[in-house]
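Heads up, the thing below is written out as structure tokens.
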Amino acid sequence: MIKTIPLSKPFIGEEEMNAVRDVLRSGQLSLGPKVIEFEKMFASLIGVKYAAAVNSGTAGLHLCIKALGLKEGDEVITSPFSFIASANSIIYEGAKPVFADIGENTLNIDPGKIEEKITKKTKAILAVHIFGQPCEMDKIMNIAKKHSLAVIEDACEAVCAEYKGRKAGTFGIASVFAFYPNKQITTGEGGMVCTNDEKIHSAAKMLRNQGRKEDGGWLSHEAIGYNYRLNEMSAALGVEQLKKLKKILEMREAVAEKYNEKLKHIKGVTILGKIKDTKRSWFVYVIRLDKNIDRKKIIEQLKAEGISTNIYLPPIHLQPIYKKMFGYKEGDFPVCERVSSSTLALPFYTQMADEEINYVCEKLKIAIGKSG
Ligand SMILES: *Cc1c(COP(=O)(O)O)cnc(C)c1O
């Protein structure tokens, strides 16, 4: 009997527990060797020169915006179909997020809609690899080059995703990864700023640590910084998760493939398609429901069967605060809104068992049958 199936679940074993216990025993709970080890491993995994650990993906995005010197009066072009933190990070520094609509298949920012949004104020493009699907980076980098714009990658959902054989997070001037418990790997809370740019890296390291310089004193502050440091327990957890990452990504892909097989023949359900030249890193498992299906009812019926689902993701521009601040309204980004109103995230986690996948698919089929 299956009682409840959560939307996500971390994949934690004895190794993680022992590593965290060792840190606790050591007495060094912050600013220790584990953060450095985690950063080194992560930089080499992604293939960048520098990685700076921070205590959330949001903090990492904020540091990128700040390190690039973006400020009031500047505009940054980004996707309205994302977790809200990607756009918020721009607003933290007083700059303005300017949305460009998404592509119906990639669900990422549509490169063909970027140039019409460029003004004299535009300074950067913040590309979000949503659901672990890499953006069309060739096109985005070409536009950026032509207009002298910086590119930041929000790779928070895309660890080890690939575009034309190259890892997400290696295209822009800086990129950010995240380790909240629903991500592919977790540190409880945490993030990583990756870059090949020495200046951005040192700015990120200074700003995450109250504006302290690496070689300066504890009570000497060169900038108005933040406490965005990752603690040692989290870093130790991260190190163990990284050791398992290859296996984790393979297991997640296998779960996704089983879902695909089961769901591709269910009427009313569209599975996310494969996009040429790219390799998705499986973050969430999202389907699209036909317009005539009452998504709310499906969610309720699945909930009654113990199955958690969610509407990933509502458009950022239609969040109450964005409507209030920028005057956005329904119809502004029709593709995003159409996608948004049809998506449903199903339970998805590394260790998801076949019987759990089958159970979800069976109950989904019944719920759709009732709604048709
Ligand atoms: C998870 C995530 C973030 C960062 O989230 P935190 O909870 O702050 O770590 C940013 N952008 C996207 C697209 C995400 O999915």
Side-chain angles (χ1 to χ4, degrees), residues 7-10 35 38 42 51-66 76-93 97 99-100 102-103 106-109 124-135 137 140 151-161 168-169 171-172 174-194 204 207-208 226-231 234-235 237-238 241 252 272 280-286 310-317 319 322 336 339-340 343 345 348-349:
L7 191 56
S8 74
K9 205 194 279 194
V35 163
F38 185 38
F42 202 83
V54 287
N55 55 18
S56 72
T58 307
L61 287 165
H62 181 198
L63 292 187
C64 288
I65 298 291
K66 180 114 185 163
V76 179
I77 298 175
T78 191
S79 171
F81 189 69
S82 174
F83 180 58
I84 194 161
S86 54
N88 280 356
S89 68
I90 299 162
I91 300 174
Y92 294 159
E93 289 304 309
F99 297 117
I102 61 170
T106 63
L107 311 188
N108 284 323
I109 195 166
I125 300 169
L126 199 168
V128 184
H129 307 299
I130 207 69
F131 303 156
Q133 171 62 44
C135 295
M137 290 313 295
I140 291 173
V151 173
I152 302 166
E153 293 177 74
D154 179 340
C156 289
E157 304 185 352
V159 64
C160 290
F171 293 87
S175 62
V176 179
F177 295 82
F179 313 117
Y180 183 73
N182 74 335
K183 311 284 186 194
Q184 290 90 329
I185 53 168
T186 187
T187 58
E189 297 279 2
M192 194 71 82
V193 178
C194 290
L207 292 168
R208 76 175 173 185
Y226 309 89
N227 180 356
Y228 283 170
R229 295 185 304 262
L230 189 72
N231 68 63
S234 288
L237 189 44
Q241 292 266 279
R252 294 176 83 87
L272 296 187
R280 184 192 294 274
S281 171
W282 283 96
F283 165 56
V284 285
Y285 189 85
V286 171
N310 214 340
I311 49 164
Y312 284 179
L313 289 149
I316 297 178
H317 67 281
Q319 291 292 344
Y322 276 73
C336 171
V339 167
S340 222
T343 46
F348 184 70
Y349 36 93

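For clarity, every value in this text was computed on a predicted model and none was experimentally measured. First listed ligand is number 1; within each ligand, the first listed atom is number 1.
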**Message:** Looking only at distances, can you tell me whether any N or O atom of Ser86, backbone or side chain, sits closer than 3.5 Å to an N or O atom of ligand 1?
**Reply:** no
**Message:** Is there a polar contact between ligand 1 and Phe83, counting only N or O atoms under 3.5 Å apart?
**Reply:** no
**Message:** Using modelled atom types and a 3.5 Å cut-off, is there a donor and acceptor pairing between side-chain atoms of Arg208 and backbone atoms of Ala53?
**Reply:** yes
**Prompt:** Is His62 reaching over with its side chain to a backbone N or O of Ser89, donor-acceptor style, under 3.5 angstrom?
**Reply:** no
**Item:** Residue and atom name of the nearest protein heavy atom (relative to atom 12 (C) of ligand 1), distance in Å to one decimal
**Value:** Asp154 OD2, 3.5 Å
**Prompt:** Any N or O on Ser82 sitting closer than 3.5 Å to an N or O of ligand 1?
**Reply:** no
**Message:** Side chain, backbone, both or neither: which applies to Thr58 and ligand 1 if a contact is any heavy-atom pair less than 4.0 Å apart?
**Reply:** both
**Message:** I'd like to know whether the aromatic ring centres of Phe283 and Tyr312 sit less than 6.0 Å apart in this structure.
**Reply:** no
**Item:** Candidate list Phe348, Phe81, Trp282, Tyr285, test ring-ring contact (aromatic ring centres under 6.0 Å, His included), partner Phe131, passing option
**Value:** Phe81
**Item:** Thr78 (side chain) donor-acceptor with Phe99 (main chain) under 3.5 angstrom
**Value:** no
**Fill in**
shortest atom 14 (C) of ligand 1-to-protein heavy-atom contact is with Lys183 NZ, 3.1 Å
**Item:** Ser234 side chain to Thr187 backbone, donor-acceptor under 3.5 Å
**Value:** yes
**Asked** Under 3.5 Å, N or O to N or O, is Glu157 touching ligand 1 that way?
**Response** yes
